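All values below come from the heavy atoms of this structure, side chains included, with hydrogens, waters and symmetry mates left out. Throughout, residue positions are numbered sequentially from 1 according to the sequence presented. Everything numeric in this text was worked out from a predicted model, so none of it was measured.
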Amino acid sequence: MASQIKVNEIIKQSGSSISIGESGDTINLAGAAYAAVDNTPAFGASQSGTQTLSTGSWSKVTLDTENWDTDSAFDNSTNYRFTVPSGEGGKYLFNYGGYCVSMTTNGYFQLALYKNGAELRASTDRAYMSSTATASMNITASISVSLDAADYIEFYVIQGNTDGGGGDRTLGDSNYKAFLTGFKVIGA
């Protein structure tokens with residue numbers, strides 16, 4: 001037998017929100033059913049320092065700081081990757097970015113996400129230095145992708161020089177750190 005509560009007004013006791021139901025419950029509002037859901041798993045990771053990038057080869061970004069991680073699915077100590085938890089396959093949205101310091105003439109910088117060890121998609125734009133100046137480059141990108149349980153995502157960057165020159169460069173500085181965030185998209 002279902003219970004009913006009849007009131008004219010519901011006012012919060014404290015805080016800024018009112019909770020109805022628990023995660024996984026179905027709630028009927030005016031005859032339509034709504035599931036109580038959230039966009040998890042979700043995580044945010046970044047670098048605590050800088051990283052040296054060799055010229056002309058993809059380097060995995062060492063994201064050693066977890067800013068948040070709802071399901072303990074991001075490894076920030078050994079392989080610096082997000083692994084989809086059991087039962088959490090679906091569509092995910094990832095945002096990522098990096099800052100390459102002191103690029104020189106004809107230098108380039110590019111980002112990519114890898115899925116299960118293979119390049120998923122490099123960022124659509126490769127940043128180039130075409131002038132004779134030296135400057136730093138910042139790139140951010142986003143991608144949505146379907147993932148199954150146990151699939152994993154890693155963040156890579158590459159820097160180099162189109163005329164063969166160049167040399168090692170630094171990813172990040174005291175103000176700008178590489179980052180990767182992601183969350184499961186509900187209802188997609």
Side-chain angles (χ1 to χ4, degrees), residues 39-85 88 91-145 147 150-185:
N39 288 65
T40 60
F43 74 95
S46 59
Q47 288 187 302
S48 62
T50 62
Q51 181 177 343
T52 300
L53 303 176
S54 298
T55 300
S57 61
W58 287 98
S59 299
K60 184 191 285 192
V61 180
T62 54
L63 300 165
D64 59 352
T65 301
E66 264 186 338
N67 302 310
W68 71 89
D69 188 356
T70 62
D71 291 58
S72 299
F74 188 85
D75 177 358
N76 68 322
S77 62
T78 56
N79 47 24
Y80 311 106
R81 65 185 180 200
F82 168 76
T83 303
V84 178
E88 294 293 348
K91 302 269 191 235
Y92 282 79
L93 179 66
F94 295 96
N95 298 295
Y96 50 108
Y99 181 76
C100 194
V101 179
S102 299
M103 297 301 297
T104 58
T105 303
N106 298 320
Y108 64 86
F109 177 53
Q110 191 170 8
L111 317 175
L113 289 188
Y114 280 49
K115 175 184 173 185
N116 301 331
E119 188 176 309
L120 181 61
R121 185 189 87 188
S123 61
T124 54
D125 293 319
R126 183 182 262 193
Y128 286 98
M129 283 295 299
S130 58
S131 69
T132 58
T134 299
S136 299
M137 298 181 190
N138 185 51
I139 302 177
T140 59
S142 298
I143 187 172
S144 60
V145 60
L147 299 173
D151 283 345
Y152 61 91
I153 297 293
E154 300 166 300
F155 179 20
Y156 281 77
V157 298
I158 189 172
Q159 70 84 23
N161 199 290
T162 58
D163 63 11
D168 293 352
R169 295 289 178 255
T170 301
L171 179 65
D173 68 11
S174 60
N175 295 312
Y176 302 102
K177 307 294 184 196
F179 70 90
L180 171 64
T181 65
F183 61 90
K184 185 175 180 182
V185 178

**Q** Would you mind telling me which of L93, L113, I153 makes a side-chain contact (heavy atoms from CB on, under 4.5 Å) with I143?
**A** L113

**Q** Taking all heavy atoms of D168 and all of S54, pick out the closest pair and write down the distance.
**A** OD1-CA, 3.4 Å

**Q** Could you pull out all residues at least two apart from S102 that satisfy side-chain hydrogen bond (donor to acceptor under 3.5 Å, both in side chains)?
**A** none

**Q** Quick check: closest heavy atoms across P41 and E88, and the distance to 0.1 Å?
**A** CD-OE1, 3.5 Å

**Q** Counting only pairs under 3.5 Å, give me each side-chain donor-acceptor contact of residues 42-52, with atom names and distances, residues two or more places apart or in other chains.
**A**
unit_1: S46; atom_1: OG; unit_2: N67; atom_2: ND2; d: 3.3
unit_1: Q47; atom_1: NE2; unit_2: Q51; atom_2: OE1; d: 2.8
unit_1: Q47; atom_1: NE2; unit_2: T62; atom_2: OG1; d: 3.4
unit_1: S48; atom_1: OG; unit_2: D64; atom_2: OD1; d: 3.2
unit_1: S48; atom_1: OG; unit_2: D64; atom_2: OD2; d: 2.7
unit_1: Q51; atom_1: OE1; unit_2: T62; atom_2: N; d: 3.0
unit_1: Q51; atom_1: OE1; unit_2: T62; atom_2: OG1; d: 3.2
unit_1: Q51; atom_1: NE2; unit_2: K60; atom_2: O; d: 2.8

**Q** Going by ring-ring contact (aromatic ring centres under 6.0 Å, His included), name the residues that satisfy it together with Y99, two or more places apart in sequence or in a different chain.
**A** Y176

**Q** Drop me the distance from Y96's OH to F179's CZ, to the nearest 0.5 angstrom.
**A** 10.0 Å

**Q** Tell me every residue that passes side-chain contact (heavy atoms from CB on, under 4.5 Å) with K91, counting only those two or more places apart in sequence or in another chain.
**A** S146, V185, A188

**Q** Checking N138 now: which residues fulfil side-chain hydrogen bond (donor to acceptor under 3.5 Å, both in side chains) with it, not counting sequence neighbours?
**A** none

**Q** Can you name the nearest heavy-atom pair linking G98 to F109, along with the distance?
**A** O-CE2, 3.6 Å

**Q** Suppose we screen for side-chain hydrogen bond (donor to acceptor under 3.5 Å, both in side chains). Which residues come up paired with N79, at least two apart in sequence or across chains?
**A** none

**Q** How many angstroms lie between atom CG of L120 and atom CG of L147, to the nearest 0.5 angstrom?
**A** 8.0 Å

**Q** Could you pull out all residues at least two apart from Y114 that satisfy ring-ring contact (aromatic ring centres under 6.0 Å, His included)?
**A** Y156

**Q** Is it true that a side-chain atom of D75 and a backbone atom of Y80 form a donor plus acceptor pair closer than 3.5 Å?
**A** no

**Q** Let me know which of V61, L63, N95 forms a side-chain contact (heavy atoms from CB on, under 4.5 Å) with L180.
**A** L63

**Q** Please report the shortest heavy-atom distance between R169 and C100, naming the atom on each side.
**A** CB-SG, 3.8 Å

**Q** Hey, could you give me each pair passing salt bridge (charged side-chain N to carboxylate O under 4.0 Å, His left out) that has a residue in residues 170-181? Not counting sequence neighbours.
**A** none

**Q** Can you name the closest pair of heavy atoms from P85 and D71 and give their distance?
**A** CG-CB, 4.1 Å

**Q** Checking S174 now: which residues fulfil side-chain hydrogen bond (donor to acceptor under 3.5 Å, both in side chains) with it, not counting sequence neighbours?
**A** none

